[in-house]
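Have a look at the structure below, then the notes.
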Amino acid sequence: MIRINQVKVRPGHSEADLKKKAAEILRISLRDIKEMKIIRQSVDARKKPDIFFSYSLLLDICNEEKVLKRFKGKEAQVSKEDRVFYCFPKAGSRIRKGPIVIVGMGPAGLFCGYFLALHGYKPILLERGKCVEERQRDVELFWKEGRLHPNSNVQFGEGGAGTFSDGKLNTLVKDKDGRNGIVLETLVKYGAKESICYEAKPHMGTDVLCNVVKNMREEIIRQGGQVRFESQVTEICISEGCVEGVIIDGSERLNCEQLVLAIGHSARDTFSMLYEKQVPMEAKAFAVGLRVEHPQVMINESQYACVSSEELGAAPYKVTAKAKNGRGVYSFCMCPGGYVVNASSEEGHTAVNGMSYSGREGCNANSAVVVTVTPEDFESSHPLAGIAFQRQLEDRAYQIGRGKIPVQRYENYREAVQGEKGTDEYEFSQMDETGERIEKYCEGVRAAIGEQDKVMPQCKGMYLWADVSKILPKECNEAILDGMEAFGRQIKGFDRPDVCMSGVESRTSSPVRILRDESLQSAIRGLYPCGEGAGYAGGILSAAMDGLRVAEAIAAEYAKDGLQS
């Protein structure tokens with residue numbers, strides 16, 4: 001197969017146009033192309049408004065060796081490439097003393113369970129929350145009425161925290177073994193669009209994610225696995241340094257010798273239980289900050305030099321800067337055409353996240369502008385000190401917002417941080433403003449950038465105008481101010497006075513790492529810390545890939561004796 005990079009065509013092209021362009025670059029006839037596969041698509045907007053799609057293609061052609069000789073010395077654009085096919089370890093047959101138990105059904109637990117079930121291991125998946133269909137209803141009710149279900153919310157339930165997000169699938173993890181590819185192909189198999197396999201910044205959207213998760217669960221069951229919802233692991237049973245089982249909901253014991261902990265980054269009670277059981281863990285760095293909202297047409301204009309394009313879709317961005325106090329500040333989890341969502345999972349604490357549907361058709365773009373915090377910023381050296389730090393911020397956000405999402409204009413936030421003046425608090429319930437005013441705003445934003453009305457918060461959950469500058473530590477606020485000014489030089493209007501800022505973004509990644517060795521096991525043998533919650537992933541795709549790695553490690557354990565499962 002031949003790989004060809006930098007195949008540039010204009011938006012709105014057809015597959016025939018792409019194939020024709022590839023033939024032109026290779027200087028071959030269209031008839032000589034037997035097969036064409038897109039392996040990457042990105043947007044080249046360096047000379048906007050002259051914008052192209054740039055592709056990397058895999059081609060099966062006639063006279064391959066002759067063509068490769070023609071491009072000798074130009075391998076950056078045309079080269080020989082052997083396709084990498086993912087291979088799961090062959091099943092072994094060491095007799096199991098109990099089932100393989102997986103705790104948590106986020107992307108790590110879901111993919112670990114799926115591949116084990118697919119290869120005959122019949123795992124049992126335990127999820128403290130509800131199935132995704134019921135979870136959706138609980139989350140919508142929380143956003144509408146403010147009634148929080150402690151085990152069925154934006155953080156907990158089938159699909160994990162990523163279910164109510166933009167569904168971004170980009171990762172920096174290297175893919176020499178084909179795990180990235182097989183995860184994306186599996187998502188497509190169960191309902192995602194095929195383009196996620198080659199887009200430079202793929203995403204699914206909450207609406208598609210929910211359907212994919214449900215379909216994968218049904219296949220796990222069809223393959224002989226078990227899925228149990230509203231089944232919280234409240235204790236792990238350990239004897240002589242090895243896992244022996246788990247206690248579910250404080251009473252039921254389930255024996256096992258392999259236990260996968262894919263608990264997610266918000267299972268704070270489970271982290272405490274593991275600490276009491278002396279499972280080795282440590283505090284780790286993560287990031288905290290505020291969600292910022294801009295009109296999507298403003299971001300489109302900056303990135304693509306046009307307010308809208310059906311072919312290009314809603315434009316994303318990524319910005320980074322270094323603050324005067326030395327801290328790094330950057331955009332995180334950017335959601336084009338999205339919403340700020342109340343992502344709380346504990347009573348009396350408010351956390352926010354970003355979400356968008358597959359169409360990314362919301363009026364605003366939002367992202368978290370965050371600052372890295374390390375164990376040195378926490379009040380102790382305790383392994384769970386990062387959780388205590390998160391809770392402090394979320395408690396302040398809850399008090400300031402009176403249980404709703406606290407929102408503030410950037411101009412008021414800047415003045416408050418700089419000590420010029422505070423912000424008067426006044427109630428602004430989204431539920432009272434869902435009619436004519438918001439519709440007028442959205443229509444105006446879609447029409448043109450010069451909209452006279454100020455940016456309006458687009459939230460899932462009620463919000464309150466409040467002084468969000470009181471949530472974060474002083475050094476974080478100062479870093480965010482420096483970052484906003486720097487980003488305003490990169491994207492015109494990023495630091496406009498009417499930008500909406502909401503808080504607190506505190507769940508960017510796990511504040512804890514559960515230690516594991518090269519076999520992916522804890523010092524407690526048979527215990528496999530897995531995914532983002534255990535500190536080994538940073539998003540949907542990397543968590544799914546880590547779940548797959550753990551499934552491989554368990555399969556390898558059973559294959560050691562060379563017997564049959």
Checklist line | Residue pair Asp50 / Arg10, side-chain heavy-atom distance below 4.5 Å | finding: yes
Check: Who pairs with Tyr536 by ring pair (Phe, Tyr, Trp, His ring centres under 6.0 Å), at least two apart in sequence or on another chain?
Finding: none
Notebook entry, point to check: Hey, is NZ on Lys48 packed in by over 12 heavy atoms from elsewhere, all under 6.0 Å?
Noted result: yes
Check: How close do Met334 and Ala315 get, heavy atom to heavy atom, and via which atoms?
Finding: CE-O, 3.9 Å
Item checked: OH-CG distance between Tyr413 and Leu481, expressed to the nearest 0.5 angstrom -> 5.0 Å
Notebook entry, point to check: For Gln77, does the CD atom have more than 12 heavy-atom neighbours from other residues, nucleotides or ligands under 6.0 Å away?
Noted result: yes
Next item on the list: Would you name the heavy atoms of Asn300 and Ser308 that are closest together and state the gap between them?
Entry: ND2-CA, 4.1 Å
Item checked: Closest heavy-atom pair and its distance - Arg291, Cys333 -> NH1-O, 3.0 Å
Check: Does Phe271 have any ring pair (Phe, Tyr, Trp, His ring centres under 6.0 Å) partners at least two apart in sequence or in another chain, and if so, which?
Finding: none
Next item on the list: Using the test ring pair (Phe, Tyr, Trp, His ring centres under 6.0 Å), find all partners of Tyr317 that sit at least two apart in sequence or belong to another chain.
Entry: Phe494
Check: So Val352 and Leu290, side-chain contact (heavy atoms from CB on, under 4.5 Å) or not? Walk me through it.
Finding: CA-CA 8 Å; Val352 297; Leu290 304 170; over 6 Å; no
Notebook entry, point to check: In Å, rounded to the nearest 0.5 Å, how long is the span from NE2 of His294 to CG of Asp495?
Noted result: 7.5 Å
Notebook entry, point to check: Knowing that exactly one of Ile25, Asn5, Ile39, Ile38 qualifies, which makes a side chain to side chain contact (heavy atoms under 4.5 Å, CB included) with Leu57?
Noted result: Ile38
Next item on the list: Start with the C-alpha distance between Lys47 and Phe52, add both sets of side-chain angles, then the distance that settles side-chain contact (heavy atoms from CB on, under 4.5 Å), and finish with yes or no.
Entry: CA-CA 9 Å; Lys47 297 180 180 180; Phe52 294 89; over 6 Å; no
Check: Stepwise, does the salt bridge (charged side-chain N to carboxylate O under 4.0 Å, His left out) test hold for Asp482 with Lys322?
Finding: CA-CA 8 Å; Asp482 289 345; Lys322 188 171 183 178; over 6 Å; no
Margin query: Checking Phe378 now: which residues fulfil ring pair (Phe, Tyr, Trp, His ring centres under 6.0 Å) with it, not counting sequence neighbours?
Written below: Phe286, Phe389
Item checked: Atom pair CG (Leu472) and CZ (Arg396), whose distance is rounded to the nearest 0.5 Å -> 8.0 Å
Checklist line | Nearest heavy-atom neighbours spanning Ser367 and Ser331 | finding: OG-CB, 3.8 Å
Item checked: Side chain to side chain, Glu347 and Pro150, heavy atoms closer than 4.5 Å -> no
Note to self: Among residues at least two apart in sequence or on other chains, which ones pass side chain to side chain contact (heavy atoms under 4.5 Å, CB included) with Lys284?
What the structure shows: Ser509, Arg513
Item checked: Spacing of CZ belonging to Arg549 relative to OG belonging to Ser542, to within rounding of 0.5 Å -> 11.5 Å
Check: Strictly under 6.0 Å, is that where the ring centroids of His13 and Tyr55 end up?
Finding: yes
Next item on the list: Please list, chain by chain and in numerical order, all residues satisfying salt bridge (charged side-chain N to carboxylate O under 4.0 Å, His left out) with Glu293, sequence neighbours excluded.
Entry: none
Notebook entry, point to check: Which heavy atom in Gly401 sits nearest to a heavy atom in Pro406, and how many Å separate them?
Noted result: CA-CB, 4.0 Å
Next item on the list: Could you tell me the separation between the NE2 atom of His382 and the CD atom of Glu282, rounded to the nearest 0.5 Å?
Entry: 13.5 Å
Next item on the list: Output, in order, the C-alpha distance, side-chain angles, deciding distance and verdict of side-chain contact (heavy atoms from CB on, under 4.5 Å) for Gln136 and Val139.
Entry: CA-CA 5 Å; Gln136 281 180 289; Val139 169; 5.9 Å; no
Item checked: Side-chain (Glu158) to main-chain (Gly129) donor-acceptor, under 3.5 angstrom -> no
Item checked: Residues Asn342, Tyr463; criterion side chain to side chain donor-acceptor pair (under 3.5 Å); working and verdict -> CA-CA 9 Å; Asn342 191 328; Tyr463 57 88; over 6 Å; no
Checklist line | Given Ile400, Val288, Thr350, Asn477, the one that forms side chain to side chain contact (heavy atoms under 4.5 Å, CB included) with Ile471 | finding: Ile400
Note to self: Could you report the tightest heavy-atom contact between Ala287 and Thr508, atom names first, then the distance?
What the structure shows: O-OG1, 2.7 Å
Note to self: Distance check, rounded to the nearest 0.5 Å: Ser345 atom OG versus Leu148 atom CG?
What the structure shows: 7.0 Å
Note to self: Out of the candidates Arg507, Glu346, His349, Arg268, only one should pair with Gln390 under the side chain to side chain donor-acceptor pair (under 3.5 Å) rule; please name it.
What the structure shows: Arg268
Next item on the list: Please report the C-alpha distance between Ile196 and His203 in whole Å, then the side-chain angles of each, then the deciding distance to 0.1 Å, and finally whether the side-chain contact (heavy atoms from CB on, under 4.5 Å) criterion is met.
Entry: CA-CA 7 Å; Ile196 65 169; His203 79 105; over 6 Å; no
